[in-house]
Amino acid sequence: MLAAALGAALTFGAPAALAGTAPVGPSGSPAASAPSAAPKAAAPASQSATWAAGTRAYLVITAPGDSSAVRSAVTANGGTVFSYYDAIGVIVAHSASGSFATTMRGVSGVQKVGATRTSDVPADAYNPALPANPAQSTTPTGEPVRADMSQIKADQAWAVNAGSAAVKVGILDTGVDDQHQDLAPNFNAADSVSCAYGKTDTRAGAWRDVGDHGTHVAGTVAAAKNGKGAIGVAPGVKISSVRIAEPNTSLFFAENTICGFVWAGDHGFKVTNNSYYTDPWQFNCPDNLDQAAIIEGVNRAQAYAEGKGSLQIAAAGNENYDLAHKTTDTASPNDSTPVTRTITNACVDIPTELPGVVTVAANGTGTTKASFSNFGQGVIDVAAPGSDVYSTLPGGKYGSKSGTSMASPHVAGVAALMASANPGITPAQMRDKLATQANDIACPSDSRCTGTAANNAFFGEGQVDALKAVGGSTPPVGKYFENTADFAIGDNTTVESPITVSGVTGNAPATLKVGVTIAHTYIGDLKVDLIAPDGTVYTVHNRAGGSTDNIGQTYTVNASSEVANGTWKLRVNDNAGGDTGKIDAWNLTF
């Protein structure tokens, strides 16, 4: 990824594994019963007392299940257990012994052992500093629909389904500024965490941005439709920050990614965005003992998350490199001194080339290939806008970035809309639908682009389509009105949210579209009515759904007998105790 020093985030100018770029515009202007996989500290009384220069991190791979015997062997052979994930058979160990890996490979029950870095584990790993909480700028009002959103028909999709608050999207990245006025309405702090160094840090604010990459990615997925700054592809869904980048270096090591994927699975994320590659190796080769352990550990974590219902979306990288015909790697290891090495297609870019992960290439203007985007027949799944993408930056600011890092969150947003429209959809079904609903892009006059218009090396199955993701095939006809203000729903109470309609001639249509987003922990308590200006009641939801959380649905109402202009209301009756919520937003399309 053109990003080999900032970490592995795929964004231009990043020296690490990022897949995006520095801001291009002025910052204020126009990514039963299985044992729990949660990491547990294996701890001496003070782990910081065990740190010394030369301490390195290792993945010790064993069979899933009780790893206590292997953990004891780690300690007996000059290591400490930093965290472990018994559900996938992965232990993160630290040791300053140069023979640790070799010794552990001979221990009964150990399948693989590999160093995850060629540099020392920072002392900060044992007592991490909290990221800064930046002061917030005031944002001018106005949020025009930008070219990237109209290109994938996100603006048309919003009129059908802007996303459900029941859908959680994980931003695995440098962190997210949760205080940003365009992200705060959709930010889910309860499921946010830092996984830097490979162990969960659930302190408030540990998830915040140690750069600006993750905040930019988060805005592309789900910046709120609130009249400020920018709008995300899925402005009604919830986003959680899983910071996997380490401070100072912004590197994303394997243990951090493993922690992030396990967290995603255990916390019900429907989608995760991964705009990075796993440092320090741009490509991990199975004939290298260290890299083989990295491949196995991260793959197990991804499979665990997918098994829990989470689809991983990842950036393809920014080196204009043919991932289907690998020959050399000149960027690794990026945590010490890179060397040029010969590689083959057996060597994989992690996580984007792992089984089950959706690999995203970047479009430039319109449906062109972005000059920087990696490509490869049979590797690229879909494409999305990735050049000069305008989104959120820490401190209430905004700016543009380019990279496959910027393309990937467009696809994550489309997948989130798909999950909003189809609550029971599985990761495999989302993968299939992203492919079948993408719009074909034929190869340009470029010999590197092999394949057909339906599936080729530059664009995979084509550019994603948000409108198709929510079940639309043509733009909604008629004028659109909405109310995004929150209205609290208490126990055994009734609440109404109004929309004033004007400028519509005659009566409402027989197919009036009523988009409803309600956050509530027991929708079987709720009766939801549309109230016409003359007081006529149209019931759209009547205590169905039992203990299911949240309503995110577009209803069709025959309101042809009603004059269109006037004040329409959404009335919600809570008919039981014990569960509360809010009207998050609703809309009418005439």
Side-chain angles (χ1 to χ4, degrees), residues 31 152-154 157-158 160-172 191 217 220-222 232-240 242 260-261 263-275 299 301-316 351-361 379-384 404 407-440 454-455 459-473 549-550 552-554:
I152 63 169
K153 302 178 188 172
W158 301 330
V160 179
N161 189 327
S164 168
V167 172
K168 301 177 187 178
V169 179
I171 310 298
L172 276 63
D191 292 312
V217 164
T220 299
V221 175
V233 176
V237 304
K238 293 300 181 184
I239 49 174
S240 296
V242 181
F261 284 159
W263 180 271
D266 286 343
H267 289 261
F269 294 175
K270 198 68 178 176
V271 181
T272 71
N273 186 79
N274 303 270
S275 289
N299 187 47
Q302 192 289 127
Y304 177 86
E306 181 169 341
K308 293 281 191 173
S310 177
L311 177 67
Q312 278 56 254
I313 313 288
T352 198
E353 289 192 274
L354 291 178
V357 176
V358 175
T359 304
V360 182
V379 179
I380 301 301
D381 291 308
V382 291
T404 55
S408 182
H410 285 88
V411 179
V414 170
L417 289 178
M418 194 177 287
S420 298
N422 304 277
I425 197 167
T426 67
Q429 290 169 334
M430 280 193 282
R431 267 196 309 273
D432 290 345
K433 284 183 177 292
L434 282 170
T436 58
Q437 295 176 357
N439 295 311
D440 292 347
N455 191 322
F459 312 111
E461 298 279 354
Q463 189 176 86
V464 291
D465 189 311
L467 182 58
K468 289 180 183 176
V470 295
S473 56
D549 290 351
N550 308 321
Q553 191 168 336
T554 298

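Excluded from the calculations below are hydrogen atoms, water molecules and symmetry mates; all remaining heavy atoms, backbone and side chain alike, are included. Keep in mind the model is a prediction, meaning the values are calculated, not measured.
In this structure, Gly163 and Val237 approach most closely via the heavy-atom pair CA-CG1, 3.8 Å. Here the closest non-hydrogen pair linking Ala384 and His410 is CB-CB, 3.8 Å.
The side chain to side chain contact (heavy atoms under 4.5 Å, CB included) search around Asn299 returns Leu354, Pro355, not counting sequence neighbours. With sequence neighbours excluded, no residue forms a salt bridge (charged side-chain N to carboxylate O under 4.0 Å, His left out) with Glu461. Residues passing the side chain to side chain contact (heavy atoms under 4.5 Å, CB included) test with Lys270 are Val167, Ala419, Ile425, Met430, sequence neighbours excluded.
Side-chain atoms of Arg431 come within 3.5 Å of backbone N or O of Gly356 as a donor-acceptor pair. Side-chain atoms of Asn422 do not come within 3.5 Å of backbone N or O of Gly424 as any donor-acceptor pair. At least one donor-acceptor pair closer than 3.5 Å links the side chain of Ser420 to the backbone N or O of Ala416. The main-chain N or O of Ile313 is found under 3.5 Å from a side-chain atom of Asn274 such that the two form a donor-acceptor pair. Formation of a donor-acceptor pair under 3.5 Å by the Asp381 side chain with backbone atoms of Thr359 is found in this model. Side-chain atoms of Thr352 come within 3.5 Å of backbone N or O of Ala315 as a donor-acceptor pair. With hydrogens and angles ignored, the 3.5 Å screen pairs no side-chain donor or acceptor of Ser408 with any backbone N or O of Ser275.
Considering only heavy atoms from C-beta on, Trp263 stays 4.5 Å or farther from Leu172 through its side chain. The shortest side-chain heavy-atom distance between Val414 and Val233 falls under the 4.5 Å cut-off. The shortest distance between side-chain heavy atoms of Asp440 and Phe459 does not fall below 4.5 Å. Within the 4.5 Å cutoff, side-chain heavy atoms of Val411 are placed close to those of Leu434.
Rounded to the nearest 0.5 angstrom, Lys153 NZ and Gln463 CD are separated by 9.5 Å.
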